[in-house]
2 protein chains.
Amino acid sequence: MSIATLNAAALAQRLADSGLRATPQREIVYDMLLKKRDHPTADEVFARVKAARPTISLATVYNCLQTLVSCDLVRAVNFERGPTRYCPNLRPHAHFHDEKSGQTHDIDLPPRLLEKVRSVLPRGFAAKSVEITFHGQARHASR
Amino acid sequence: MSIATLNAAALAQRLADSGLRATPQREIVYDMLLKKRDHPTADEVFARVKAARPTISLATVYNCLQTLVSCDLVRAVNFERGPTRYCPNLRPHAHFHDEKSGQTHDIDLPPRLLEKVRSVLPRGFAAKSVEITFHGQARHASR
DNA sequence: GCCTTTCTTTAGAATAGTTCTAATTACTAC
DNA sequence: GTAGTAATTAGAACTATTCTAAAGAAAGGC
């Protein structure tokens, strides 16, 4: 069984859990995110998917991305008011946004640190999620 | 000397440092941010300023806010793709975004914690800034 | 297997927030 | 005062995204 098939099965399961259907569009969008994990925008995903399935529409790409986010298979990432970027990395991690190159890097977060960060919240604040973003410059242009 | 006068003087100084002029528009926009620190959007600032100076334009409010941000007197805060919010709190702090009420709360960050967070960056990553955002619900609706 | 219902996709219009443009107005320095 | 620069203004333009309405695909009941 290929990796793609495995992913497709996992995707179908997650979708079913939310009462949604597995469709070719959802599968291909998810596959593209897994294949090149460079935090693409919806437009970039659209371009990549279109190469393999020219009839797909931008609206569908937006729909699929939203669906994947709502199934917790993909994270939506925002820097300032730039276009939303999509990230299939599900481990707890922060993002490093390189202001020169525009590239985004995942930075793994040790669970203990996340706990420490959460612990600064005063009584009465219940956080569902914590987002940590670095802005700066990375020495190595690629990754 | 009143507080507003002090602020105006501080603002004028900061602007001069950047080779910019102190204008009534910049002063009033800054004053409004200091007066009600509820992380208003540009539109909200526009409405508040307009009450005191009806001839101001939305474009000017955007210009002034950008100027204040570039002078490091104000921080721009973004949640997902919502409108940018503005915050005159210059101490290092995180933001708690209450998903129910839409309110934003400042959460002070101990310098040691910020250091710890920065220390997760691998060699080669030079962060100019770190942003920490909590999403969830706060017990007390007001603040 | 057909029919109904529900879900999904699609193209294009619409929207929100922000920035741009070009003209006017206000300062500042000489 | 005049020249040169900076700031403001109204409205157009722009970008990323969502909405709308119609068409297409899949699933369940019988």
Side-chain angles (χ1 to χ4, degrees), chain A residues 8 11-30 32 39-50 52-71 73-86 102 104, chain B residues 8 11-30 32 39-50 52-71 73-86 102 104:
Chain A
L11 169 60
Q13 188 54 58
R14 285 293 186 101
L15 288 168
D17 290 350
S18 306
L20 301 170
R21 294 177 189 160
T23 67
Q25 290 89 339
R26 284 169 180 170
E27 279 169 16
I28 196 170
V29 165
Y30 187 43
M32 287 295 173
H39 303 84
T41 63
D43 256 355
E44 286 164 353
V45 174
F46 179 49
R48 290 172 198 180
V49 170
K50 216 170 183 187
R53 174 177 256 268
T55 58
I56 201 168
S57 77
L58 178 57
T60 299
V61 171
Y62 272 104
N63 288 341
C64 292
L65 289 170
Q66 267 185 222
T67 302
L68 293 171
V69 169
S70 73
C71 291
L73 284 166
V74 167
R75 252 174 80 177
V77 183
N78 289 280
F79 302 119
E80 275 99 62
R81 288 194 48 82
T84 301
R85 297 172 170 280
Y86 297 87
T104 302
Chain B
L11 168 61
Q13 187 55 58
R14 285 291 187 103
L15 287 168
D17 290 350
S18 305
L20 300 170
R21 295 179 189 159
T23 67
Q25 289 89 340
R26 286 170 178 170
E27 279 169 16
I28 198 170
V29 165
Y30 187 43
M32 285 297 173
H39 303 83
T41 63
D43 256 354
E44 286 164 352
V45 173
F46 179 49
R48 289 172 199 181
V49 169
K50 216 171 184 190
R53 175 176 256 267
T55 58
I56 201 167
S57 77
L58 178 58
T60 298
V61 170
Y62 272 103
N63 289 341
C64 291
L65 289 170
Q66 268 185 222
T67 301
L68 293 171
V69 169
S70 73
C71 290
L73 284 165
V74 166
R75 255 174 77 176
V77 182
N78 289 279
F79 301 118
E80 275 99 61
R81 288 196 47 83
T84 301
R85 296 173 170 279
Y86 297 88
T104 302

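Reminder, nothing fancy here: chain letters follow the sequence lines and each chain counts from 1. Source: prediction; values computed, not measured.
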Whether the side chain of A:Arg81 engages the backbone of B:Gly82 through a donor-acceptor N/O pair (distance < 3.5 Å, no angle test) should be reported.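 Yes, because the side chain of A:Arg81 sits within donor-acceptor range (under 3.5 Å) of the backbone of B:Gly82.
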Polar side-chain atom of A:Arg14 near backbone of A:Cys71 as donor-acceptor pair, under 3.5 Å: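 Flag set: sc A:Arg14 to bb A:Cys71 pair under 3.5 Å.
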What is the minimum heavy-atom distance between [X] and [Y], and which atoms define it?
X: B:Val49; Y: B:Met32; answer: CG2-CG, 3.6 Å
X: B:Ala42; Y: B:Tyr86; answer: N-CE1, 4.1 Å
X: A:Asn78; Y: B:Glu80; answer: ND2-CA, 3.6 Å

d([atom1], [X]; [atom2], [N]) in whole Å:
X: B:Arg53; N: D:dT8; atom1: CZ; atom2: P; value: 9 Å
X: B:Phe79; N: D:dT17; atom1: CZ; atom2: P; value: 18 Å
X: A:Lys50; N: C:dA11; atom1: NZ; atom2: C1'; value: 11 Å
X: B:Phe46; N: D:dT9; atom1: CZ; atom2: P; value: 9 Å
X: A:Leu58; N: D:dT15; atom1: CG; atom2: C1'; value: 12 Å
X: A:Asn78; N: C:dA16; atom1: CG; atom2: P; value: 19 Å
X: A:Glu44; N: D:dA16; atom1: CD; atom2: P; value: 10 Å
X: B:Glu27; N: D:dA7; atom1: CD; atom2: C1'; value: 14 Å

Heavy atoms from C-beta onward define the side chain here; which of [options] lies closest to that of [X]?
X: B:Arg21; options: D:dT9, D:dT17, D:dA6; value: D:dA6
X: B:Pro83; options: C:dT18, C:dT9, D:dT9; value: C:dT18
X: A:Arg26; options: C:dT18, C:dT9, D:dT9; value: C:dT9

When you measure from the side-chain N and O atoms of [X] to the phosphate of [N], is any distance below 4.0 Å, counting only OP1 and OP2?
X: B:Thr55; N: D:dT8; result: no
X: A:Arg81; N: C:dG17; result: no
X: A:Gln25; N: D:dA25; result: no
X: A:Thr84; N: D:dT17; result: yes

Just how far is it from atom [atom1] of [X] to atom [atom2] of [Y], taken to the nearest 0.5 Å?
X: A:Arg75; Y: A:His39; atom1: CZ; atom2: NE2; result: 8.0 Å
X: B:Ile56; Y: B:Ile28; atom1: CD1; atom2: CD1; result: 6.5 Å
X: B:Asn63; Y: B:Leu58; atom1: CG; atom2: CG; result: 9.5 Å

Return the angle between end axes of the helix from C:dG1-D:dC30 to C:dC30-D:dG1, with five pairs used per end and rounding to 10°.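 Taking the rotation axis at each end, their angle is 30°.
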Heavy atoms within less than 4.0 Å of DNA chain D: which residues of residues 59-71 of chain B have one? Give them sorted by number.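 Residues of residues 59-71 of chain B under 4.0 Å from DNA chain D: B:Ala59, B:Thr60, B:Asn63.
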Can you find a heavy atom in the side chain of A:Leu11 that is under 4.5 Å from one in the side chain of A:Leu68?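 Side chain of A:Leu11 against side chain of A:Leu68, heavy atoms only: contact under 4.5 Å found.
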